[in-house]
Amino acid sequence: MTNLLRVGNCSGFYGDRLSAMREMLDGGDLDVLTGDYLAELTMLILGRDRMRDTELGYARTFVRQLEDSLGTALERGVRIVSNAGGLNPRGCADAVREVARGLGLDVTVAVVEGDDLTERSEELGLGKVLAANAYLGAFGIAEACRSGADVVITGRVTDASVVVGPAIDRFGWGTTDYDQIAGAMAAGHIIECGTQATGGNFAFFNRTDGWLDDLARPGFPIAEIHDDGSFVVTKHDGTGGFVTVDTVLSQLLYEVQGARYAGPDAVLRLDSLRLEQEGPDRVLVSGAEGEAPPPQLKVSCTSLGGFRNELTFVLTGLDIDDKAAFVRRQVEDALAVRPAELDWTLSRTDHEDPDTQERAAARLTLVARDPDEKTVGRALSGAAVEMALATYPGCFLTAPPSGGTAYGVFQPGYVDQGVPRHIAVLDDGSTVRIPAPPQTQPLEPTTDDAPVFPEDFGDTVRRPLGTIAGARSGDKGGNANVGVWVHSQDEFRWLDSFLTVEKLQELLPETAPLRVERTRLPNLRAINFVVEGLLGEGVAYAARFDAQAKALGEWLRARVVDLPTRFDQEGTNR
């Protein structure tokens with residue numbers, strides 16, 4: 001048993017770079033190659049696939065990647081572990097075996113299942129849904145690895161589990177080795193979104209020499225995990241991008257809820273982690289502290305919410321507000337049946353004294369939802385088009401009339417840890433039942449109760465917050481998170497006293513009516529905010545301009561604040 005496990009990632013979402021599996025296998029030594037293909041929106045996509053064809057419901061691009069790369073993986077002894085099975089892991093495994101037969105390869109494939117609670121959803125109090133899938137942990141994956149499987153395919157497991165499972169197998173960790181498991185959870189969380197750990201979607205992307213060439217095609221990340229749970233984040237030599245404390249920290253803050261990062265096998269204390277630049281493109285992450293997992297598992301509940309349609313009117317030049325009110329009144333009066341929801345949003349993208357027509361234009365968007373497709377279909381878009389010559393001057397729309405399309409709704413549910421029948425299905429058809437954790441404890445929220453003392457930081461200058469602060473944001477169901485970090489303790493003292501919940505709501509007025517939770521992470525010089533309900537009932541439902549809150553952090557960084565003068569020059573030169 002070696003004390004090092006090299007785990008690479010080749011997919012951060014369903015639709016990521018198709019050649020990444022080949023690039024990672026050809027790039028250098030690996031023990032395991034993982035791929036994350038699932039997200040809340042993906043579960044809806046796969047659910048609709050399965051409605052059309054019961055043999056589908058998995059990530060078909062994963063199978064395409066193996067057509068090109070399975071032989072190389074087997075030759076080099078690299079185990080493939082992925083959640084690409086989605087809603088149909090056995091179907092995905094059958095497709096992989098078919099690929100292997102076509103290539104003349106002998107492959108062993110194991111499956112982890114038990115997450116699908118759809119048929120029991122109503123009796124479990126989850127409602128009548130299109131799909132209900134519990135987020136399983138890593139011990140089923142560990143059993144599949146222990147059986148010697150070349151390829152391990154799962155249904156819905158936590159994103160980190162595809163990394164934690166092979167580490168449990170390699171190092172022989174038990175169910176109560178919480179610190180070690182928590183460390184591997186951190187590794188899994190950092191590399192699961194692929195190139196977001198190697199410079200992709202990075203706030204300070206243009207503050208590194210040669211950034212335009214380096215980031216044109218960033219390489220995918222690798223975690224070198226040790227038996228104590230510490231690890232180094234790196235990438236293959238010669239690949240693009242860069243791995244720094246900043247890029248790793250940025251991903252560490254992505255889509256987190258607070259200082260306790262909960263999983264089915266352990267709870268990771270994010271406020272225990274230490275990050276250190278060990279060398280070029282090498283960041284050591286250590287100090288992970290783990291706790292017993294919560295007594296319940298989260299369940300992804302996806303259902304069809306109804307039908308929606310979207311129209312965008314372009315308003316040009318003068319009297320924008322009056323033009324918007326005019327066409328809104330006309331459209332609503334023309335509807336024979338009013339949809340259940342009508343959401344109007346006016347985006348003032350127009351400029352004073354515009355030198356191009358586009359800079360003279362604002363956009364008025366209507367999103368309509370209703371259980372009846374006809375109500376939001378041609379009846380809606382046709383009514384808007386019919387008045388094109390009878391409404392405000394210069395009227396035109398950005399797209400022709402269209403019918404309504406189905407949309408999904410995501411809701412989280414919770415079941416006791418022992419409810420799913422978590423099993424590893426080995427290549428020979430035998431099964432291993434994975435018991436619920438022997439110890440659990442309720443997940444207590446961390447409080448933001450550290451006193452903040454007003455402090456005089458000297459003269460200030462009006463500058464964007466992003467002059468010194470990085471940010472990363474994302475979605476969790478209907479909620480959004482934004483993590484903000486700075487580079488020195490002095491800057492953190494200022495950020496900690498300045499960026500309160502009230503200040504965030506002032507800087508981002510869209511968040512003002514919503515509940516916002518704030519978590520301090522002093523060891524990371526970071527603050528995390530969770531904005532509840534910003535995305536409505538999930539990504540597929542949201543009519544928000546940025547439906548997944550991916551750029552919420554960049555909006556915050558763009559807001560101009562009173563920045564201490566002593567930080568201004570430091571931030572500009574960083």
Side-chain angles (χ1 to χ4, degrees), residues 40-41 44 48 127 130 302-317 319-350 361-411 475 477-480 508-515 531-549 551-552 555:
E40 289 155 4
L41 180 60
L44 174 65
R48 294 177 65 182
L130 175 65
T302 305
S303 57
L304 294 179
F307 297 86
R308 61 181 283 174
N309 204 347
E310 184 170 324
L311 304 169
T312 298
F313 298 85
V314 180
L315 317 174
T316 306
D319 307 317
I320 295 296
D321 289 335
D322 289 343
K323 288 173 179 175
F326 185 15
V327 72
R328 177 172 176 170
R329 168 70 180 273
Q330 286 182 305
V331 169
E332 294 192 11
D333 285 352
L335 296 175
V337 179
R338 184 182 177 90
E341 297 180 42
L342 284 176
D343 293 331
W344 293 90
T345 304
L346 176 61
S347 299
R348 294 299 302 263
T349 51
D350 51 308
R363 290 167 174 80
L364 177 67
T365 299
L366 167 62
V367 177
R369 300 183 185 88
D370 197 88
D372 186 353
E373 182 179 5
K374 293 181 180 178
T375 301
V376 295
R378 295 283 176 163
L380 176 74
S381 56
V385 170
E386 286 173 2
M387 65 183 63
L389 303 183
T391 186
Y392 65 88
C395 172
F396 69 95
L397 284 80
T398 58
S402 63
T405 58
Y407 71 90
V409 172
F410 170 85
Q411 290 291 340
D475 61 290
N479 300 339
L508 306 182
E510 190 180 355
T511 70
L514 303 174
R515 184 171 184 269
V531 184
E532 297 185 5
L534 183 68
L535 307 179
E537 295 182 72
V539 172
Y541 168 90
R544 189 176 180 272
F545 177 60
D546 175 13
Q548 293 180 279
L552 187 66
W555 177 22

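Index from 1, following the sequence.
Looking at heavy atoms from C-beta onward, Leu311 lies out of side-chain contact with Val331 at the 4.5 angstrom threshold. Residues Val337 and Lys374 have side chains not in contact (no heavy-atom distance under 4.5 Å, counting atoms from C-beta outward). Inter-residue side-chain proximity for Leu315 and Asp350 is flagged as unmet; no heavy-atom pair is nearer than 4.5 Å. With a 4.5 Å cut-off on side-chain heavy atoms, Leu44 and Phe410 do not count as touching.
Residues passing the side-chain hydrogen bond (donor to acceptor under 3.5 Å, both in side chains) test with Ser402 are Asn309, sequence neighbours excluded. In this structure Glu532 satisfies the salt bridge (charged side-chain N to carboxylate O under 4.0 Å, His left out) test together with Arg515, sequence neighbours excluded. With sequence neighbours left out, Thr511 forms a side-chain hydrogen bond (donor to acceptor under 3.5 Å, both in side chains) with no residue at all. Under the side-chain hydrogen bond (donor to acceptor under 3.5 Å, both in side chains) criterion, Asp321 pairs with Arg348, sequence neighbours left out. Partners of Arg363 by side-chain hydrogen bond (donor to acceptor under 3.5 Å, both in side chains), not counting sequence neighbours, listed by chain and number: Thr349.
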Worked check of side chain to side chain contact (heavy atoms under 4.5 Å, CB included) between Leu366 and Leu380: CA-CA 10 Å; Leu366 167 62; Leu380 176 74; 4.0 Å; yes
Val376 vs Arg369, side chain to side chain contact (heavy atoms under 4.5 Å, CB included): CA-CA, chis, key distance, verdict: CA-CA 6 Å; Val376 295; Arg369 300 183 185 88; 5.6 Å; no
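A pairwise comparison of heavy atoms in Ala340 and Asp370 identifies N-OD1, 2.8 Å as the closest pair. Considering every non-hydrogen atom in both Ala361 and Val314, the closest pair reads CB-CG1, 3.7 Å. A pairwise comparison of heavy atoms in Ile320 and Ala362 identifies CG2-CB, 3.9 Å as the closest pair. Taking all atoms of both residues into account, the shortest heavy-atom contact from Cys395 to Ala388 is CB-O, 3.9 Å. Closest approach of Val409 and Gly305 over heavy atoms only: CG2-CA, 3.7 Å. Scanning all heavy atoms of the two residues, the minimum distance from Pro401 to Val385 falls at CG-CG2, 3.3 Å.
We find the CZ-OG1 distance between Phe396 and Thr316 to be 5.0 Å, quoted to the nearest 0.5 Å. To the nearest 0.5 Å, atoms CG (Asp546) and CH2 (Trp555) are separated by 10.0 Å. Distance OG1/Thr302 to CZ/Arg48: 12.0 Å, rounded to 0.5 Å. Atom CG of Leu535 sits about 7.5 Å away from atom CG of Asn479, to the nearest 0.5 Å. In this structure, the separation between CH2 on Trp344 and CZ on Phe313 is 5.0 Å, given to the nearest 0.5 Å. To the nearest 0.5 angstrom, Leu397 atom CG is 11.5 Å from Glu310 atom CD.
The backbone N or O of Ala334 lies less than 3.5 Å from no partner atom in the side chain of Glu386, so there is not a single donor-acceptor pair. Remark: side-chain polar atoms of Asp475 are not paired, donor with acceptor, to backbone N or O of Ala480 under 3.5 angstrom.
Identified under the salt bridge (Lys or Arg N to Asp or Glu O under 4.0 Å) test for residues 322-333, with sequence neighbours left out: Arg328-Glu332, Arg329-Asp333, Glu332-Arg338.
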